[in-house]
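To start, the structure under review is shown below, and the notes come after it.
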Amino acid sequence: MLHLYNTLNRKKVEFVPLDEEHVRVYVCGPTVYDHIHVGNARPIIVFDVLYRLLQHLYPRVTYVRNITDIDDKIIVRAAERGEEIGALTERTIRQFHHDIEALGTLKPDIEPRATDHIHDMIKMINLLLIQGFAYSAEQHVLFHVPALQDYGRLSRRDRDDMVAGARVEVAPYKKDPADFVLWKPSMDDQVGWNSPWGRGRPGWHIECSAMSTKYLGPDFDIHGGGEDLIFPHHENEIAQSQCAHPDSSFAQWWLHNGYLRSEGKKMSKSLGNFYTVKELLGAGEREKMWRGESIRLMMLSTHYRQPLDFTKSGVDNAKKKLDRWYRALGDVDFEDGLSTTGIVEALCDDLNTPRAVAIMDALCGSVSVGRDGVLDAKRDLRAGASLLGLLQYSSESWFQGGSVSESREGGGDIESLIAQRLVARGDRDFDTADSIRQSLLDRGVVLEDKPDGTTVWRRIS
RNA sequence: GGCCGAGUGGCAGAGUGGCUAUGCACCGGAUUGCAAAUCCGUGUACAUCGGUUCGAUUCCGGUCUCGGCCUCCA
């Protein structure tokens, strides 16, 4: 039985989908003006695990994750670079897909882009105008917050307090200081679309309301995103959507992942202490493979609602753990089975991935010890890993997969050096044997002599 | 100022009203020509002050510290 923490009532309660046959999920995706950093990667990874779990539990799941490809940050960045907006967003989206693939994420079922849904947004804004929840002023269309009694339910904010604490000067055309923009005008040299209110572009929040409603209906199960989106983004989404469709209640469950810190400090551009996923992944396929899964495991080692301090040493730690798991798994080839361990149970407890990881460790231990049922333990290990989106490679490629530098120097002679060393050891010529070991080590290759007389190798970098 | 979250052993990080995970690191041992890997063993920690209780790290309250949000900024 799946239990999830719902931000709406700040409680962990049993998840009951609107339709047992079809679970529907929407997650806020990236604004594509720059490479994603680890802070962006967390919700991607966390909700990917949720997606995998839901697929395991329910016959059909539709997962929608949008791409925001029109936004003032994008406009500014494109102008700075003297680049077309479309070129910037396409390039960024390609890199985004490359990054998250390395992080082992499944593709969402639908990945709608804001610019493809301007018409849907205009329709929704019209619905709000007709019903009196919005008004137009000075070429803007604004949502009128006082028109909705229980505004602030998600973020638990009192409207009067918000107005009192506002730091930003209120635009003169707003009827109420809390009102927010649905549509705003574009200058002649700015990107814009024709609308009943003149040429302009959508406000920030409307795209998610329009696209989630379009693909999942006015009522759906889960809406996820980073904790920072609770206010104002998600609060305003709720307001818009519920008012546009008064008979529906929009998302039933609101899930939010916690913040990231970086190397013990607040992530900030001025400190320059945030890592992009791209730089962490490194250059070659091998680095990408190692780093991708290591970053993923590092993130899943902390519960998704807890704050997470992202450190490189934490990634190294995760790498070591993956080495251990891959070693236990070996190269045995078998069908994925259903996990009979507590991993599903742990994940059903509000995605308790740290507990799932601990169970993986225990399984790994029982494989290493070589108790009865080793094959079962391996199967469970594999099954658990696939729920977590880990151990997606073969052990051989994990340990021996070629690196860019290796292929450059054409190092296909590792096996023959090992054979030479085996001969030397047979002659008890340990000086020669050790010098071969050392020369391989200098190339980043570690040899392990097995009890049965064979020698295996793996790369350490 | 308002609202929200966090504070666990050297580190990371779960969890629980009493039996106190897990991993890494450290130390000791086994194994090994060396090494690597693996195995065995060793660690009663839960910010602080009160309260409730037979008993609290776990519940309640105060305090301290840290972090976040407070309208176009993920």
Side-chain angles (χ1 to χ4, degrees), chain A residues 7 10 28-31 33-34 36-37 39-44 68 71-73 142-143 145 152 155-171 174 176-182 184 202-206 225-233 235-236 256-261 264-267 297-298 301-303 305-309 311 313-314 316-321 323-325 327-328 346 349 352-362 364-365 367-370 425 428-431 433-434 437-438 441 446-451 455-458 460:
Chain A
T7 306
R10 318 272 158 148
C28 291
T31 301
Y33 69 107
D34 205 347
I36 59 163
H37 58 247
N40 302 312
R42 169 120 98 149
I44 302 271
T68 300
D71 168 274
D72 284 1
K73 286 195 299 295
L142 293 114
F143 183 89
V145 167
S155 56
R156 304 206 165 178
R157 265 162 226 270
D158 183 74
R159 197 200 66 90
D160 295 333
D161 289 344
M162 284 181 330
V163 173
R167 297 180 300 196
V168 178
E169 201 177 328
V170 178
K174 288 189 178 181
D176 185 280
D179 292 351
F180 58 89
V181 170
L182 298 169
K184 59 183 162 188
W204 174 28
H205 316 296
I206 194 72
E227 192 175 80
D228 54 307
L229 295 176
I230 294 174
F231 189 88
H233 185 53
E235 194 71 71
N236 290 351
H256 294 95
N257 63 273
Y259 277 99
L260 248 78
R261 296 166 63 74
K265 289 183 180 153
K266 178 187 173 183
M267 282 205 311
L297 176 57
M298 195 263 190
S301 296
T302 299
H303 183 84
R305 284 193 284 114
Q306 291 290 106
L308 166 61
D309 186 12
T311 61
S313 72
D316 290 341
N317 216 313
K319 159 72 169 59
K320 275 201 277 193
K321 186 168 288 203
D323 279 348
R324 212 169 108 83
W325 290 359
R327 189 173 284 120
D349 182 14
N352 194 329
T353 53
R355 210 163 84 206
V357 168
I359 294 167
M360 292 286 285
D361 281 328
C364 179
V367 170
S368 301
V369 171
R425 287 179 72 215
R428 302 195 68 76
D429 177 5
F430 295 121
D431 285 346
D434 289 348
R437 175 194 289 289
Q438 187 58 46
L441 187 60
V446 175
L447 300 185
E448 297 181 20
D449 295 327
K450 296 293 184 186
T455 297
V456 298
W457 63 276
R458 64 187 160 88
I460 54 170

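All of these numbers come straight from a predicted model, not from anything done at the bench. Each chain gets a letter, A, B and so on, in the order the sequences are listed, and its residues count up from 1.
- Minimum atom distance to the side chain of A:V446 is reached by B:A36, of the listed B:A36, B:A25, B:G13.
- Across all their heavy atoms, A:R42 and A:H303 have their closest contact at NH1-O, 3.5 Å.
- Scanning both residues, A:T311 and A:M298, for their nearest heavy atoms gives N-CE, 3.3 Å.
- Atom CG of A:D361 is separated from atom C1' of B:G13 by 11 Å (rounded to the nearest Å).
- Remark: the backbone N or O of A:N352 is not paired with any side-chain donor or acceptor of A:D349 at under 3.5 angstrom.
- Taking the six-membered ring for Trp and thresholds of 30 and 60 degrees, A:H205 and A:F180 have ring planes more than 60 degrees apart, a perpendicular arrangement.
- Whole-Å rounding puts the A:F180 CZ to B:C73 P distance at 15 Å.
- Atom name C1', nucleotides B:A56 and B:G18: the rounded distance is 9 Å, in whole Å.
- Atom CE of A:M360 is separated from atom P of B:A12 by 23 Å (rounded to the nearest Å).
- The minimum heavy-atom distance linking A:A346 with A:A356 is given by the pair CB-N, 3.9 Å.
- Considering only side-chain N and O atoms, A:K265 lies nowhere under 4.0 angstrom from the phosphate OP1 or OP2 of B:C66.
- A:L447 comes within 4.0 angstrom of a nucleotide base, judged by non-hydrogen atoms across all strands.
- One C1' atom belongs to B:U8, the other to B:A12, and the distance between them is 11 Å to the nearest Å.
- Under the 3.5 Å distance criterion, the side-chain polar atoms of A:D309 are matched with a main-chain donor or acceptor of A:G264.
- Distance A:H233 NE2 to B:U71 C1': 13 Å, rounded to the nearest Å.
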Strand RNA chain B as a dot-bracket string - pairs counted if Watson-Crick or G-U with both distances under 3.5 Å, | where the partner lies in another strand
(((((((..(((.....[...)))..((((.......)))).....(((((..]....))))))))))))....

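- Neither OP1 nor OP2 of B:A12 sits under 4.0 Å from any side-chain N or O of A:S301.
- The NZ-C1' distance, from A:K321 to B:C11, rounds to 13 Å in whole Å.
- RNA chain B is contacted by both A:V357 and A:T31; A:V357 maps to the nucleotide lying nearer its 5′ end (nearest heavy atom per residue).
- Remark: side-chain polar atoms of A:R428 are not paired, donor with acceptor, to backbone N or O of A:R425 under 3.5 angstrom.
- When the side-chain nitrogen and oxygen atoms of A:K266 are compared with OP1 and OP2 of B:G68, one or more of them lie within a distance under 4.0 Å.
- When each of B:C24, B:C72, B:A37 is scored by its nearest atom to the side-chain atoms of A:R324, the top-ranked nucleotide is B:C24.
- At B:C4, none of the side-chain N or O atoms of A:R10 fall inside 4.0 Å of OP1 or OP2 (strictly under the cut-off).
- Comparing the same atom, C1', in B:G51 and in B:A14 gives a spacing of 28 Å after rounding to whole Å.
- Distances were taken from every side-chain heavy atom of A:R261 (C-beta onward) to each of B:C24, B:G67, B:A14; the shortest belongs to B:G67.
- Taking atom P on both nucleotides, B:G9 is separated from B:G5 by 23 Å, rounded to a whole Å.
- Backbone-only contact: A:P354 has heavy atoms under 4.0 Å from sugar-phosphate atoms and none from a base.
- Here A:N352 lies in heavy-atom contact (under 4.0 Å) with sugar-phosphate atoms only.
- Proximity note for A:R327 (side chain, C-beta onward) versus B:C73, B:A6, B:U38: the nearest is B:U38.
- When each of A:Y259 and A:R156 is assigned the nucleotide of RNA chain B bearing its nearest heavy atom, the one mapping closer to the 5' terminus is A:R156.
- A:R437 places a side-chain N or O within donor-acceptor distance of the main-chain N or O of A:L447, the cut-off being under 3.5 Å.
- The separation between A:D431 atom CG and B:A35 atom C1' is 15 Å, rounded to whole Å.
- When all heavy atoms of A:N40 and A:I36 are compared, the closest pair comes out as ND2-CA, 3.4 Å.
- A:D179 and A:V145 make their closest contact through OD1-N, 2.8 Å (heavy atoms, listed as atom of the first residue, atom of the second, distance).
- A donor N or O paired with an acceptor N or O is found under 3.5 Å between the base of B:A35 and the side-chain atoms of A:R437.
- When the P atom is compared between B:C24 and B:U57, the two are found 29 Å apart, to the nearest whole Å.
- Judged by distance alone with a 3.5 Å cut-off, a donor-acceptor contact links the side chain of A:R425 to the base of B:G33.
- Listed candidates were B:C72, B:A37, B:C69. Nearest to the side chain of A:E448 is B:A37.
- Contact annotation for A:K450: no contact, since no heavy-atom pair falls under 4.0 Å across all strands.
- Checking B:A14, B:C70, B:G33 against every side-chain atom of A:R157, the shortest atom distance belongs to B:C70.
- The P atoms of B:A21 and B:G28 are separated by 24 Å, rounded to the nearest whole Å.
- Rounded to whole Å, the P atom of B:C69 lies 46 Å from the corresponding atom of B:A36.
- Residue-level contact check: A:E235 touches neither bases nor backbone, having no heavy atom under 4.0 Å from any strand.
- Taking 3.5 Å as the limit, the base of B:C34 and the side chain of A:D449 contain a donor-acceptor pair of atoms between them.
- Between B:C73 and B:G15, the two P atoms lie 36 Å apart (nearest whole Å).
- At a threshold of 4.0 Å, the pair A:K319-A:D323 counts as salt-bridged, since one of the basic side-chain nitrogens sits closer than that to a carboxylate oxygen.
- We find that CG of A:N236 is positioned 12 Å from P of B:C70, with the value rounded to whole Å.
- Residue A:D434 is classed as a base contact, given a heavy-atom separation below 4.0 Å to a base.
- Distance A:I230 CD1 to B:C70 P: 12 Å, rounded to the nearest Å.
- If you check every strand for non-hydrogen atoms under 4.0 Å, A:F143 touches nothing.
- When heavy atoms are screened at a 4.0 angstrom cut-off, A:H303 is found touching the sugar-phosphate backbone but no base atom.
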